[in-house]
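One structure is given below, encoded as C-alpha cells.
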Amino acid sequence: MYPVLADIEIPLAEVLSSMEIEGIRLDAAALHSFGEELLPKIDGLAGEIYAAAGHEFNIGSPKQLSVVLFEELGLPAGKKRKTGYSTDADTLEALRDKHQIIPLIFEYRTLTKLYNTYVRGLEAAVSPDGRMHTTFKQTETRTGRISSAEPNIQNIPVRTEIGRNFRKFFVADEGNLLADADYSQIELRVLAHLSGDKAMIKTFCEGGDIHTETAASVLGLPPEWITPEQRRSAKAVNFGIVYGIGAFSLAKDINVSVAEAKRYIDDYLTHYSGVREYMDKVTKSAEKDGWAVTMFGRRRFIPEILSTNKTVKALGKRIAMNTPIQGTAADIIKIAMVRVYRRLKAELPEARLILQVHDELIVEAPEEKAAQAARILTEEMQGAVKLAVPLTADAKEGRSWYEAH
DNA sequence: CTTCTCACG
DNA sequence: ACGTACGTGAGAAGC
Ligand SMILES: [Mg+2]
C-alpha cells in the first residue's frame, strides 16, 4: 500500500539507529593539535588585515567588513543583501586583484571556518567513548535524503587540501579498518534511466568518462580531442541540468557570456533530446497533480508551481525537475543501506555500517575482514536496483576516512 | 531569533 | 524589468 514506507523507511529506521549508536572514532588529540597550528596563522592574518585596513575591526562581521571594503577602501560594491552590500566569496572573487586585503580575507575566512566549525565544533561533539554519534534525521528533507546533525558528519571538508585534513581524524578503532564505497555519478545515471534518453544511456553503457563523452557528443568531436576546459564546461552543464539550470546561472558559474551558456544548454538538450522531453513531462505533471514523484513512488508536493509570482513558479519547475533525480538517488542508497546492513549481519557480524554521505557508505571492520566488507559494500550498492544503465560503486580501505575515500 | 556566510553531496 | 541552480547544518554577528 505504501511501498516507500514499508519497503524502505521502516527497515531503514533500524539501520540508522544502529549507525548512530555505533558512531565513528575521532582522534581528538590530533584534531586538537591541528587546531593549535591554525590559531597563530589566523592571528597573523588578522594582523595583516588590520594593517591593510589601517585599523582594527571585527573581520567576522559582514557589516563592519563592508564598511572597510566599500567605504574606507573605496572598492566597488556588488550585490546587495537585505541589510547591506554582500561580502560573500563570489563578490570578493571579483575584487581579488583590486586590493591586497582581499586574498587575506579569503585566507582568514577559510581558516576561521575550519577552526570554529570543525576544530571547536567537533571537539565539543565527541562523546566520552571517544566517538562521534551523529543524529541521522529521517524525516527532515523535502527530497527523501537523510540529514545529519549534532554533529553534521555529511559536510566534513574534502574539496581543499587543508580542509581535507579533517578526514584524517575520523579513524577506525584499533585493529579495525574503514571500508568506504561511493556511487559514481548516481544522479546522472538516474537521469539517464528516468528520461530513457538513448544517447545518455549509450554513453553510460560504454563506460567512458561522462563529462568528456558529453563534451564530445555535443560538440561533435572525438573524445580524445576534448580539452580540460571543454570537459569542465560539460561537467558544469551536466551538473546544472540536474538542477533545472538557466543560462544566466550557468554563465556565472563557468564564466562565459549568457549567450554562450544558452547555446551550451540548447546543444545539450538537442543532443540529449530525451532529457528535454523528460523535463517537459515532469514539469507538466507537477502543474497538473501538484507533486513530483521518484522512481519508487515518493512524492513531494510543490505548491510553488502554481504561484502567480513567476520567480516562485520558476523555482517550482526547478524543484519538479530536480526532486525525482535527487529523490530517486536517495531511495537507491537507502535500499543499499538496508541490503548492506542485512548482509553484514548474516555474513560478517563483526563489521558495522557507520556513515552515509548521500552517495557514499562507510563500514568499520576488523583489519582481516575489511576486504570482505568492501566487497559486500560494492555488491550491495551496485545491485540495489536495476536501471537502464550500470550502477557502479568504487570501494577503498584505510585507517582513516582520509585514506579510505 | 534572523541574517550572512560557507562546509558538504 | 526582474531574478536567476537543487538539497542540507552550523557558527558568528547583531537585533
Ligand atoms: Mg561519488
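Every chain is numbered from 1, with letters handed out A, B, ... down the list of sequences. This is a predicted model, so every value here is computed, not measured.
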A:Asn322, nearest nucleotide to its side chain (from C:dC6, C:dG11, B:dT5)
C:dC6

Which part of the nucleic acid, if any, lies within contact of A:Lys82, taking any heavy atom under 4.0 Å across all strands shown: a base, the sugar-phosphate backbone alone, or nothing?
sugar-phosphate

Just checking A:Asn155: base, sugar-phosphate only, or nothing, at a heavy-atom cut-off of under 4.0 Å?
base

Would you indicate what A:Ile325 reaches in the nucleic acid, counting non-hydrogen atoms under 4.0 angstrom: base, sugar-phosphate, or nothing?
nothing

Check every atom of C:dG3, B:dC4, C:dG14 against the side chain of A:Arg81 and return the nucleotide holding the closest atom.
B:dC4

Classify the side-chain pair A:Asn238/A:Tyr268 by whether it contains a donor and acceptor separated by less than 3.5 Å.
yes

Which nucleotide, C:dA10, C:dA5, C:dA13, lies nearest any side-chain atom of A:Arg318?
C:dA5

Assign A:Val242 to base, sugar-phosphate, or nothing according to its heavy-atom contacts below 4.0 angstrom with the strands shown.
nothing

Side-chain contact check for A:Arg142: nearest option of B:dT5, C:dC6, C:dG7 is C:dG7

Could you give the CD1-to-C1' distance, from A:Ile186 to B:dC8, as a whole number of Å?
17 Å

Under 4.0 Å between any heavy atoms, over every strand shown, what does A:Arg164 touch: base, sugar-phosphate, or nothing? Just pick one.
nothing

Which is true for A:Ala89 with a 4.0 Å heavy-atom rule: it touches a base, it touches only sugar-phosphate, or it touches nothing?
sugar-phosphate

Have a look at A:Gly60 and say if it touches a base, only the backbone sugar-phosphate, or nothing, with a 4.0 Å heavy-atom cut-off.
sugar-phosphate

Quick one: does any side-chain atom of A:Ser18 pair with a main-chain N or O of A:Glu14 as donor and acceptor, under 3.5 Å?
no

Where the side chain of A:Lys113 is concerned, which of B:dG9, B:dC8, C:dA10 is the nearest nucleotide?
C:dA10

Does C:dA1 have a Watson-Crick or wobble mate here (both distances under 3.5 Å), and if so which one?
none

B:dC8 phosphate, OP1 or OP2, under 4.0 Å from A:Arg167 side-chain N/O
no

Suppose you measure atom P in C:dG3 against the same atom in B:dA7; what distance do you get, rounded to whole Å?
27 Å

What integer distance in Å separates A:Ile254:CD1 from C:dT4:P?
20 Å

Under-4.0 Å side-chain N/O to phosphate OP1/OP2 contact, A:Thr117 with B:dA7:
no

Given B:dC4, C:dG7, B:dC8, which nucleotide is nearest the side-chain atoms of A:Thr143?
C:dG7

Starting at atom CD1 of A:Ile146, determine the distance to atom C1' of C:dG9, rounded to an integer number of angstrom.
14 Å

Considering only heavy side-chain atoms of A:Thr83, the closest of C:dT4, C:dA10, B:dC4 is B:dC4

Closest of C:dA12, C:dG14, C:dG9 to the A:Asn116 side chain is C:dA12

Which is true for A:Ile156 with a 4.0 Å heavy-atom rule: it touches a base, it touches only sugar-phosphate, or it touches nothing?
sugar-phosphate

So if I take every side-chain heavy atom of A:Asp88 and compare against B:dT5, B:dA7, C:dG9, which nucleotide ends up nearest?
B:dT5

Using a 4.0 Å heavy-atom cut-off across all strands, classify A:Asn58 as base, sugar-phosphate, or nothing.
sugar-phosphate

Are any side-chain N or O atoms of A:Asn116 and backbone N or O atoms of A:Thr112, one a donor and one an acceptor, separated by less than 3.5 Å?
yes

What does A:Leu315 touch in the nucleic acid at a heavy-atom separation under 4.0 angstrom: a base, only the sugar-phosphate, or nothing?
sugar-phosphate

Rounded to whole angstrom units, what separation is found between the CZ atom of A:Phe57 and the C1' atom of C:dA13?
14 Å

Rounded to whole angstroms, how far apart are NZ on A:Lys313 and C1' on C:dC2?
18 Å

When rounded to whole Å, the CG to P distance for the pair A:Leu188 and C:dC6 reads 17 Å

I'd like to know if A:Arg145 reaches the base of B:dG9 with its side chain such that a donor and an acceptor end up less than 3.5 angstrom apart.
yes

May I ask you to decide if A:Asp280's main-chain N or O and A:Thr283's side chain share a donor-acceptor pair within less than 3.5 Å?
yes

For a quick check of understanding: with a heavy-atom distance under 4.0 Å over all strands, which category does A:Gly121 fall into, base, sugar-phosphate or nothing?
sugar-phosphate

If you compare every side-chain N and O of A:Lys63 against the phosphate oxygens of C:dA12 (OP1, OP2), does one of them come in below 4.0 Å?
no

Mind checking A:Ser148 for me? I need base, sugar-phosphate or nothing, with any heavy atom below 4.0 Å counting as a touch.
sugar-phosphate

Quick one: do the A:His55 and A:Glu72 side chains pair a donor with an acceptor below 3.5 Å?
yes

Once the angle between the rings of A:Phe166 and A:Tyr118 is folded into 0 to 90°, is it parallel (under 30°), tilted (30 to 60°) or perpendicular (over 60°)?
tilted

Please state the P separation for the pair C:dT4 and B:dC4 - nearest whole angstrom.
13 Å

From the list C:dT4, C:dG14, B:dG9, which nucleotide is the closest neighbour of the side chain of A:Ser61?
C:dG14

Heavy atoms only, 4.0 Å cut-off, all strands: where does A:Ser249 land among base, sugar-phosphate and nothing?
base

Distance check needed: B:dT5 P versus A:Arg109 CZ, whole Å only.
6 Å

So do A:Leu39 and A:Asp43 actually touch side chain to side chain, heavy atoms under 4.5 Å?
no

Would A:Ser61 and A:Asn58 count as having a side-chain donor-acceptor pair, cut-off 3.5 Å?
no

Exam field: side chain A:Ser184 to backbone A:Ala393, donor-acceptor pair closer than 3.5 Å
no

Base, sugar-phosphate or nothing for A:Glu140? Non-hydrogen atoms, less than 4.0 Å.
sugar-phosphate

For a quick test of reading the model: is some side-chain N or O of A:Thr110 closer than 4.0 Å to OP1 or OP2 of B:dC6?
no

Value in whole Å for how far the P atom of B:dC8 lies from CD of A:Gln356
17 Å

Does a side-chain N or O of A:Gln326 approach OP1 or OP2 of C:dT8 to a distance below 4.0 Å, or not?
no

Comparing nearest nucleotides in DNA chain C, the 5'-proximal residue of the pair A:Phe248, A:His358 is A:Phe248

